[in-house]
Amino acid sequence: MRVVDLERDMSDVIPTGTTRDSEYLFERMTRRTLELARGAGSRILDVASGFGQDLVPLAAGGTFAVGAEPSRRMMAFARMRRDEAGAPPLHLVRSWSDALPFRSHSFDAVLCKGALDHFDRPDRAIAEMARVTAPGGRVVLAIANFESLACRLARWTDDLAEGWLGRPVGRGRRHYDVPADHFTRYDLELMREQAGAHLELEVVEGISLGWGLPVWSRAVERLPESVAGRLLAAVGGLARWLPGYADVVILAGRPRSSTAR
Ligand SMILES: C[S@@+](CC[C@H](N)C(=O)[O-])C[C@H]1O[C@@H](n2cnc3c(N)ncnc32)[C@H](O)[C@@H]1O
């Protein structure tokens, strides 16, 4: 039996619009992922499409977009979102990421955002994404980095408080702890290894630095809006070149010919 939660409803996922640094992270991650996918052509597969956050705008923009998603509940959310947006009907296919029910080379681009760490067989899933992508097409992965600067700083601060100052750290999940519904704890090295096995990597870049660190979130909240926006963009620009420290890493590349069937 597969131990995955098909009835999940995202209630345990960090809300995206609560703070400026969250808004920046989720907006940039989405924009860059879609930009890279759209740049490869007009037939796009969204693997683990969830509640249609990317599928609906793709369909609304005239792209032939297909969502592969195992959860019926997520699929229902996606259809509701489509109705609200008045977008064209969605092409949703109920399926697992490691056995995609599509012919080889069916899509110009395959994207998988914020989901690889939820898969029980991520390596097999990337192989499948590469298989269904046309030669010269692109697979785009957006993955949370659990060795980000923010995770490292939070861990050091906790170690310092606990080990040196004898202050117990707060209860509940810490910033650097992997949520219960994740199978894999990704860092840049592991992302490169898994993605590079099936893709000729062309893009490896970071999105956002310091996300969720209380001191950073609070500082950005307190600044005038335009100053905060410029600061987030400047720090985000740095993150792009420092993926090992970034909050999210985007990897994109062409399928290796050995993966094609
Ligand atoms: C955090 S959501 C991400 C959804 C979407 N990509 C986004 O950016 O909002 C993770 C999704 O992965 C799906 N999922 C979990 N295990 C899966 C698997 N083995 N194959 C395909 N999808 C899976 C879940 O149903 C859920 O919709």
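Counting convention: from 1, in listed order, for ligands and their atoms alike. Scope of the values below: all heavy atoms of this structure, side chains included, with no hydrogens, waters or symmetry mates.
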Residues Glu35 and Arg32 bridged, charged N to O under 4.0 Å
yes
In plain terms, say whether Arg124 and Asp98 are close enough for a salt bridge, that is, a side-chain N and a carboxylate O under 4.0 Å apart.
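Result for this pair is no, no salt bridge flagged.
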Close-contact set for ligand 1 against [X] heavy atoms, below 4.0 Å:
X: Phe119; value: 14 (N), 16 (N), 17 (C), 18 (C), 19 (N), 20 (N), 21 (C), 22 (N), 23 (C)
X: Ser97; value: 18 (C), 19 (N), 20 (N), 21 (C)
X: Ser71; value: 25 (O)
X: Gly114; value: 1 (C), 3 (C)

Evaluate [X] for polar contact with ligand 1, using N/O atom pairs at a separation under 3.5 Å.
X: Gln53; value: yes
X: Asp98; value: no
X: Ala48; value: yes

Could you check whether Phe146 and Tyr186 have their ring centres less than 6.0 Å apart?
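Tyr186 vs Phe146: aromatic centres not under 6.0 Å.
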Taking non-hydrogen atoms only, is Arg121 closer than 4.0 angstrom to ligand 1 via side chain, backbone, both or neither?
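Neither; nothing of Arg121 gets under 4.0 Å from ligand 1.
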Heavy atom under 4.0 Å from ligand 1: found in His118's side chain, backbone, both, or neither?
both
Heavy-atom nearest option to atom 19 (N) of ligand 1, drawn from Trp96, Phe77, Phe26, Phe51:
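Nearest option to atom 19 (N) of ligand 1, by heavy atoms: Trp96.
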Heavy-atom side-chain contact between Asp247 and Ile207 under 4.5 Å:
no
Quick one, Arg138 and Asp108 - any side-chain contact, counting heavy atoms below 4.5 Å?
no
Determine whether the side chains of Ser217 and Asp21 contain a donor N or O and an acceptor N or O closer than 3.5 Å.
yes
Let me see the working for Asp117 and Arg185 under salt bridge (charged side-chain N to carboxylate O under 4.0 Å, His left out), right down to the final yes or no.
CA-CA 7 Å; Asp117 39 17; Arg185 182 185 184 283; over 6 Å; no
